[in-house]
Amino acid sequence: MRIVFMGTPEFAVPSLEALLKSAHQIVGIVTQPDRPKGRGQSLSSPPVKLVAQREGLPLLQPLKIKTPDFLDALASWQPDLIAVTAFGRILHAPILNLPPMGCVNVHGSLLPKYRGAAPVQWAVINGETETGITTMLMDEGMDTGPILLQERIPILPEDTAGTLAPRLAVLGGRLLVETIAQLKAGTLAARQQDHAQATMAPLLKKEDGLLDWGMNAQALAHRVRGLSPWPGAYTFSGQERWNIWRAVALHEPAQDVPGTIAEVTKHSLKVATGNGTLELLEIQTANSKRMSVGQFLAGHRLTPGGRFGAVAN
RNA sequence: CGCGGGGUGGAGCAGCCUGGUAGCUCGUUGGGCUCAUAACCCAAAGGUCAGAGGUUCAAAUCCUCUCCCCGCAA
């Protein structure tokens, strides 16, 4: 089968790799344009582009999707099917209708739960113990198309969005190939999503990382995991921004105003929350690298009673 | 040339402004105490102060350049 692959970040790479190992012919790849990144402002290539170049495959990086030029280019590849994993743009009808077998999307959640751009992060933030991959036939909505295949995967207690995403991505690749095989064989029946059960997983912004100490300790711990490695959970100590990379909720009830440093020993740092105590395990201050609380406390003197919270300005 | 912070024994930091004996909290090693311990006590080892040049009687500290790391912003 002639397949066009559309995808952009690291999460999309295993999908592409899986297709490359399959018997299908990848006739073209579409990814987002190079963008300025990093400390300088140098352009960097999306991970999918690097794979395309390695394989010497035809590549498009359209600035705009809804142009006749792009549609013509796509059509010239004559795809039977378009596979989409984390491309980063909504596809409109002219593209969706182009391939005879339709557009198949790999989504990182058990749809209809967690529709949107950040399904992995939100599943962890909400303390889910399992999530999964859904393949679906795309329509014009945001992850609203009929479901093709679905497979579950556990979320481990120590999982962050950063550790969970690669496992989901690999599963996504496997399920994508399986989905295409069954579509080709005609043994797969798409079934409509139960839209009443739908929840959203909107794109995270930097500000979403700011911790609200009024929440309960368990919810904060989940948030720290779900926001790692991006955008990162953070709070303020005075004017200084501190990232919290690992934390665990304790059963000890909070005695102080939420955000108050409740206890400091040589190796531990405990903070009062709206309900319960949060022990910080790995942190990162303004211009330093992330480090364990033990390391941090070796060089910094903290005293109980200090307050974390939003910066006042 | 997007903005800013930093590089000091193995780790994390102070010292720099106002040049003049290398400091703190840990870790490591040895010893002691203890039923015991990530606890406590005693002692020891371990540093070209990122690198190069300059100023000076004297540079971790002041000046110039280079390399590397980090945060913001995207």
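Treat the numbers as computed from the prediction; the structure is a model and nothing was measured. Here is how names work: the chains are called A, B, and so on, in the same order as the sequence lines, proteins then strands, and each is numbered from 1.
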- Task: Check whether any side-chain nitrogen or oxygen of A:R301 sits under 4.0 Å from OP1 or OP2 of B:U25, and answer yes or no.
- Result: no
- Task: Sticking with atom C1', work out how far B:U37 lies from B:A45, rounded to a whole angstrom.
- Result: 25 Å
- Item | Watson-Crick or G-U wobble partner of B:G10, both distances under 3.5 Å | B:C26
- Item | Gap between atoms CZ and C1', on A:R241 and B:C3 respectively (whole Å) | 15 Å
- What is the base-pairing partner of B:G19, counting Watson-Crick and G-U wobble geometry with both distances under 3.5 Å? none
- Query: More than 12 heavy atoms of other residues, nucleotides or ligands under 6.0 Å from NZ of A:K184: is that the case?
  - Reply: no
- Distance, C1' atom - from B:A50 to B:C67, rounded to whole angstrom: 8 Å
- Item | salt_bridge(A:D159, A:R167) N-O dist < 4.0 Å | yes
- Message: If I take atom CZ in residue A:F296 and atom P in nucleotide B:C13, what distance separates them, rounded to the nearest angstrom?
- Response: 8 Å
- Apply the side-chain contact (heavy atoms from CB on, under 4.5 Å) test between A:V271 and each candidate in A:L280, A:D256, A:L220; give the one that qualifies. A:L280
- Note on the structure: If pairing means Watson-Crick or G-U wobble with both distances under 3.5 Å, then the partner of B:G71 is B:C3
- Query: Near RNA chain B, under 4.0 Å by heavy atom, which residues of residues 288-295 of chain A?
  - Reply: A:S288, A:K289, A:M291, A:Q295
- Message: Tell me the interatomic distance from A:E282, atom CD, to B:G12, atom C1', rounded to whole angstroms.
- Response: 14 Å
- Quick one: does A:L60's side chain get under 4.5 Å of A:W77's, heavy atoms only? yes
- Report the distance from atom CG of A:L302 to atom P of B:C24, rounded to the nearest whole Å. 20 Å
- Query: How long is the line joining CG of A:N243 and P of B:A73, in whole Å?
  - Reply: 11 Å
Using the 3.5 Å cut-off, write out each protein N or O paired with an N or O of nucleotides 36-43 of chain B and the distance between them.
{"residue": "B:C40", "atom": "OP1", "partner": "A:K266", "partner atom": "NZ", "Å": "2.9"}

- In terms of the angle between their ring planes, are A:Y234 and A:F236 parallel, tilted or perpendicular, with boundaries placed at 30° and 60°? perpendicular
- Query: Salt bridge check: are A:K113 and A:E128 linked by an N-O gap of less than 4.0 Å?
  - Reply: no
- Could you work out the separation of B:A52 and B:A43 based on their C1' atoms and round it to a whole Å? 40 Å
- Note on the structure: When rounded to whole Å, the CZ to C1' distance for the pair A:F236 and B:G71 reads 12 Å
- Task: Could you work out the separation of B:U55 and B:C65 based on their C1' atoms and round it to a whole Å?
- Result: 15 Å
- Query: A:Q284 has an atom CD; how far is it from atom P of B:A11, in whole Å?
  - Reply: 18 Å
- B:G6 and B:G23: how far apart are their P atoms, nearest whole angstrom? 23 Å
- Message: Using the side-chain heavy atoms of A:W230, tell me which of these nucleotides is nearest: B:A74, B:U25, B:A73.
- Response: B:A74
- Task: For B:C40 and B:C35, measure between their C1' atoms and round to the nearest Å.
- Result: 16 Å
- Minimum heavy-atom distance between A:D143 and A:N105, given as atom pair plus value: OD1-OD1, 3.7 Å
- Item | Separation of B:G6 P from A:E240 CD (nearest whole Å) | 11 Å
- Message: Measuring only the C1' atom in each nucleotide, how far is B:C42 from B:G5? A whole number of Å is fine.
- Response: 40 Å
- Task: Counting Watson-Crick and G-U wobble pairs only, both distances under 3.5 Å, name the nucleotide matched with B:U64, or none.
- Result: B:A52
- Message: Are A:W242 and A:F308 an aromatic pair, judged by ring center distance below 6.0 Å?
- Response: yes
- Which nucleotide, in any strand shown, forms a Watson-Crick or G-U wobble pair with B:A45, with both distances under 3.5 Å? none
- Query: Under 3.5 Å, side chain of A:T260 to main-chain N/O of A:A262, donor-acceptor pair present?
  - Reply: no
- Message: Would you measure the distance from the P atom in B:A59 across to the matching atom in B:G19 and give it in whole Å?
- Response: 14 Å
- Message: Does this structure show an ion pair linking A:E252 with A:K270, if we count only N-O contacts that are shorter than 4.0 Å?
- Response: yes
- Item | NZ/NE/NH1/NH2 to OD/OE distance under 4.0 Å, A:R54 and A:E17 | yes
